[in-house]
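Structure first, then comments.
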Amino acid sequence: MKVRACVVREKGKMAIEEVNLDKPRASEVLVKLVAAGVCHTDAAGLNQVIPVTLPAIFGHEGVGIVEEVGVGVEGLAVGDRVIMSYPSCGTCEHCVNGHPWACDNLNRLFFDGSFKDGSKRFSLPDGTPVSSFFGQGSFSEYVVVDARNAVKVDVKSDEDLAKLCSLGCGVQTGAGAVLNSLEPKQFHTIAVFGAGGVGMAAIMAAKIAGCSKIIAVDVVPSRLEMALELGATHVVNGKEVNAVEAIKEITNGGAHYSVESSGVPALALQALGCLRREGKCVLVSVTGDAEVPIPLEPYLMNPSVTLIGVTEGASNPQVFIPRLVQYFNEGRLPVDKLIKLYKFEEIEKAHEDSHNGVTIKPILVF
Ligand SMILES: NC(=O)c1ccc[n+]([C@@H]2O[C@H](COP(=O)([O-])OP(=O)(O)OC[C@H]3O[C@@H](n4cnc5c(N)ncnc54)[C@H](O)[C@@H]3O)[C@@H](O)[C@H]2O)c1
Ligand SMILES: [Zn+2]
Ligand SMILES: [Zn+2]
């Protein structure tokens, strides 16, 4: 079928044009998009900081309605509302262990945009295959995805579904970093560096987990205000004060946990330095090949600190996304506070507003 999609043929250049989309093969579904979130990882691919195979269709926070199911798909039917997430092969040791975020085939499935069998579903009018970023390419009216990365959800309206785009990546990453990787004990303390879409999700999750002190660190006052609205008990402006000292004071010696989600490589050291002994730090920022020297002795070994790197919040989408939807339905994960809606045709503006920090989570509506 012919669909309108935002195609990137060369670094940094987007254009909405008509492309071909194949029918879903075995274990795949065709989804008509309702909306798609814009994540910073799309920009990293667009600008080739992550060397995604071009031409490509970006977008990996799509939500929509199942329109056709391929042979052998179980648990999904035409008309189902789905939140799409990241792909995984389903057969490597990590997938089999229920840890798809660590899939052996992650790089190819995320960034080469080919499916498990090595082929692609989108093509240009001249037949050139087009990558589906994260096995999705959701900056398109329709996508074909593996049924593993389409999660059926209990959402009452398309309007509500559109609010939940970032459960497929950004919110799953931040909330999962806390609830899956750190698993905080009730009343323990946590510091979150970077109060963007991912950090705000970490803050909401820390509140759900019952943390007693939730400290948001950012450099933008409006972000810190919103962090207080979403569950932070304290805020620290990293431009005005020494964040590590401030956190140590608030927590009487250091936080039990920290999340680094600012995207600024050097803050990894602060996220480690603000911990108490036996603290745990999780890094989720995409920082390319940036290097940060960590003095091992005062930071890791002697204080018995754990440093965790994780993709997609150590989340198994089929299990974790329905849980996040339930938190949203109960009013405990108000992700709608982070979003602003744009028409699909305003995709350049949505990227610009995301880049400049005007909008925390732009959502393109189809
Ligand atoms: N690991 C994963 O699976 C995964 C998934 C999604 C996003 N990410 C990455 O997570 C990171 C955060 O994403 P996001 O969407 O929340 O981005 P964002 O730009 O919305 O948030 C970053 C925040 O950090 C703040 N910040 C910038 N400099 C700072 C400083 N010096 N001190 C304190 N705060 C500072 C910004 O003001 C902003 O609020 C990005 O690197 C993104 O690519 C990773
Ligand atoms: Zn795998
Ligand atoms: Zn993302």
Side-chain angles (χ1 to χ4, degrees), residues 36-45 49-50 58-62 84-110 116 133-134 136 138 146 148 165-177 181 191-203 215-224 226-227 235-244 259-268 270-271 282-288 290 308-316 338 353-362:
V38 174
C39 170
H40 290 278
T41 309
D42 294 310
V49 172
I50 302 173
F58 287 90
H60 60 287
E61 290 186 343
M84 290 179 277
S85 191
Y86 69 90
S88 55
C89 77
T91 50
C92 74
E93 76 174 276
H94 308 283
C95 285
V96 169
N97 274 331
H99 296 181
W101 63 88
C103 175
D104 276 340
N105 295 295
L106 183 148
N107 281 320
R108 182 172 68 77
L109 295 173
F110 277 32
K116 282 188 283 199
F133 193 47
F134 274 60
Q136 248 187 77
S138 52
D146 193 295
R148 282 176 65 79
C165 288
S166 59
L167 266 53
C169 180
V171 167
Q172 167 175 268
T173 297
S181 294
V192 177
F193 290 78
V198 173
M200 295 293 190
I203 289 166
I215 306 149
V217 184
D218 207 290
V219 289
V220 179
S222 60
R223 296 271 167 128
L224 294 173
M226 170 149 304
V235 292
V236 171
N237 187 328
K239 232 200 266 178
E240 291 170 358
V241 298
N242 179 319
V244 170
V259 177
E260 202 311 282
S261 61
S262 70
V264 181
L267 290 199
Q270 294 189 21
V282 60
L283 302 181
V284 302
S285 292
V286 174
T287 50
I308 304 166
V310 77
T311 7
E312 297 293 341
S315 154
N316 187 337
L338 309 175
D353 287 358
S354 166
H355 178 72
N356 297 332
V358 172
T359 305
I360 296 183
K361 177 55 67 178

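Both counts, for ligands and for their atoms, begin at 1 and track the order of listing.
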- Is there a donor-acceptor contact under 3.5 Å from the side chain of Ser261 to the main chain of Ser285? no
Backbone or side chain, does any N or O of Ser261 fall under 3.5 Å from an N or O of ligand 1?
no
Closest to atom 5 (C) of ligand 1 (heavy atoms only, candidates Thr173, Val38, Val220) is Thr173
Donor-acceptor contact below 3.5 Å, side chain Glu260 vs main chain Leu267:
no
of all protein heavy atoms, closest to atom 32 (N) of ligand 1 is Leu267 CD1, 3.3 Å
When distances are taken from atom 15 (O) of ligand 1, the protein heavy atom at minimum range is His40 CD2, 3.1 Å
Trp101 backbone acceptor or donor facing Tyr86 side chain under 3.5 Å
yes
CG of Leu167 to OG of Ser85, rounded to nearest 0.5 Å, is 9.0 Å
Practice task
Consider ligand 1: state whether an atom of it lies below 4.0 angstrom from any non-hydrogen atom of Cys169.
Solution key: yes
A student checking ligand 1 against Gly196 at a 4.0 Å heavy-atom cut-off should list atoms 16 (O), 18 (P), 20 (O), 21 (O), 23 (C), 39 (O)
Does the shortest distance from the Zn ion (ligand 2) to an N/O/S atom of Cys92 fall below 2.8 Å?
yes
Val198-ligand 1 polar pair, N/O distance under 3.5 Å | yes
Under 3.5 Å donor-acceptor, Gln136 side chain and His60 backbone: yes
So CE of Met226 and CD1 of Ile360: to nearest 0.5 Å the spacing works out to 5.0 Å
### Query
For the side chain of Asn356 and the backbone of Val358, is there at least one donor-acceptor N/O pair under 3.5 Å apart?
no
**OP:** Please find out if the Zn ion (ligand 3) and some N, O or S atom of Cys39 are separated by less than 2.8 Å.
**Re:** yes
Taking the Zn ion (ligand 2) as the apex, Cys95 SG and Cys89 SG span an angle, rounded to 10°, of 120°
Interatomic distance, SG@Cys103 vs CZ@Arg148, rounded to 0.5 Å, equals 7.5 Å
Numbered in order shown, the ligand 1 atoms found under 4.0 Å of a heavy atom of Gly263 are 41 (O)
Would you say the side-chain atoms of Arg223 pair up with the backbone N or O of Val217, donor to acceptor, closer than 3.5 Å? no
So for Val286 against ligand 1, with non-hydrogen atoms under 4.0 Å, the contacting part is both
Ligand 1 atoms nearer than 4.0 angstrom to some heavy atom of Val310 are 1 (N)
Closest to atom 37 (O) of ligand 1 among protein heavy atoms sits Asp218 OD1, 2.6 Å
**Asked** So is Thr311 polar-close to ligand 1, meaning N/O to N/O under 3.5 Å?
**Response** no
- Please confirm whether the backbone N or O of Ala195 pairs with a side-chain atom of Asp218, one donor and one acceptor, at under 3.5 Å? yes
Under 4.0 Å from one or more heavy atoms of Ser262, ligand 1 contributes atoms 22 (C), 24 (O), 35 (C)
Residue, atom and distance of the protein heavy atom nearest atom 3 (O) of ligand 1 read Glu312 N, 2.7 Å
One should read off an interatomic distance between Ile215 CD1 and Leu224 CG, to the nearest 0.5 angstrom, of 12.5 Å
Distance col, row Thr41:OG1 vs Glu312:CD, nearest 0.5 angstrom, shows 7.5 Å
Exercise for the section: For the pair Ser138 (side chain) and Gly59 (backbone), establish whether a donor and an acceptor sit closer than 3.5 Å, ignoring hydrogens and angles. Expected result: yes
- Looking only at distances, please establish whether an N/O atom of ligand 1 is found under 3.5 Å from an N/O atom of Gly197. yes
- Compute the minimum heavy-atom distance from Ser285 to ligand 1 and say whether it is under 4.0 Å. yes
Note: Val264, heavy atoms under 4.0 Å from ligand 1, region reported as side chain
Rounded to 10°, the NE2/His60 to the Zn ion (ligand 3) to SG/Cys169 angle comes out at 110°
So, regarding Val284 and ligand 1 (criterion: nitrogen or oxygen to nitrogen or oxygen, under 3.5 Å), is there a contact or not?
yes
